[in-house]
Amino acid sequence: MHYYSLHHTAPKVAFSEAVIKGLAPDKGLYFPEKITPLPATFFETIETLDNVEIAYQLIQQFVGNEIPEQELRAILTDVLSFDFPVVPVEETIGTLELFHGPTMAFKDVGARFMARCLGYFNRNNSNEVTVLVATSGDTGGAVAQGFLGVKGVKVVILYPSGKVSDIQERQLTTLGQNITALEVDGVFDDCQDMVKKAFLDTSITDHKQLTSANSINIARWLPQLFYFAFAYKQLKQKNKDIVVSVPSGNFGNICAGIVAHKLGLPIKHFVAATNSNDTVVNYMHTQTYTPQPSKATISNAMDVGNPSNFIRIQELFDNNFESLKDSFSAYSFDDATTREAMQSIYKNTQYVADPHGAVGYLGLKKHGLKDNEYGIFLETAHPVKFLDIVEETVAVKVAIPAQIQKVMGKEKVSIPVQSYEELKTFLLSSK
Ligand SMILES: *Cc1c(COP(=O)(O)O)cnc(C)c1O
């Protein structure tokens, strides 16, 4: 399988090169040359398959022959070592809980898959790779955890100072070893811009092999398509049309869901639910894409004003707005509405949703469900990751799971960064 750049000037590359490079040299995102649907029997018998088998069948064509079957299955077994349950919330609504991994947000699967692929590609190589990543909250922790102790890989995480939750900050600043956290005086978009700039700066890349671990990296992005198949497997016997609402920031997760759909997964409609960062919602109204500065909200992992993956979504629909509109809707909700949803979900069903999941729930409600439809919203993080907001909004005490207790007592270590020049100095001076 080869990948082309969505800017269409860089040469096509193999899976391994796309993973190692992250972004194409012409600054475009990599995109698979071909997406071949799986046979209908795969989906008809999906409930007889275990998660690793499902994942292997779905990802195999994207990896091609660059990782041998046995190795790829071992990677998937390792990556998918926890559950992805659909929990009923209302009569025709369930939530797909994606937070049962080590950092309790859905990014664990992508981060772990990418770390293990990179570890495999680097197995005989003594050249160190530096993973440079910007985080709006959860990516940092998932990447730090996924890459911790991986030989030959250094991880540098940029996060916006004061704009991530206490637990998120601890998850990315307390691990040590090959992980360094840079605390940026700015918002997420500033972090993302610095990362993009560093990739194109030959005065850095002549000395260091840099790669990204944001959802621009295909190994971070593509494995997220598994979730949608795991949900379908659990809901298939209901015999209903499935509508999925995905709380979206960089639009990587929902874009992976649309890839699953292209592979033949029966999903009727995709709803992108956003907070007040409504760039895509505006696009769906105006057909004009106008990136905006990101706004801080209570669902901070979605505070993205210029979602990287939207261009991939357009490509998946052949850049045809009408066909995009048939399968995809987008809605935005402010913080007050999100808090009301957290309260009403709890009051009516005793389910404690985190702010991101609540935005997903709102998306489903706003879109509406027809008679033969069943809706799922993705619970992308455990409520404990947004403890202050959850406990002040919903009168409930959230028990602290073991994964989180481990980081609570540890001391934060970060390096303050004010400007791109400081990032560059850090990268060039670190050994
Ligand atoms: C990253 C994240 C999102 C947004 O996912 P995208 O793939 O960037 O759209 C939503 N919720 C949580 C909890 C996240 O960590």
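Bear in mind the structure is a predicted one, so any value in this text is a computation, not a measurement. Atoms within each ligand, like the ligands themselves, are counted from 1 in listed order.
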Cation-pi check, Lys197 to Tyr420: give yes when NZ or CZ is under 6.0 Å from the six-membered ring centre and within 45° of the ring axis, no otherwise.
yes
Closest heavy-atom pair, Arg220 versus Ala111, reported as atoms and distance to 0.1 Å, is CD-N, 3.5 Å
Per the under 4.0 Å non-hydrogen criterion, ligand 1 touches Phe106, Lys107, Asp138, Pro247, Ser248, Gly249, Asn250, Phe251, Gly252, Asn253, Ala301, Met302, His356, Thr380, Ala381
When every non-hydrogen atom of Leu427 is compared with those of Lys208, the smallest separation belongs to O-CE, 3.0 Å
In short, Asn300 meets Ser165 closest at the heavy-atom pair ND2-N, 3.8 Å
Report yes if some heavy atom in the side chain of Asp334 is under 4.5 Å from a heavy atom in the side chain of Asn275; otherwise report no.
-> no
Between Asn309 and Ser215, a side-chain donor and acceptor under 3.5 Å: yes
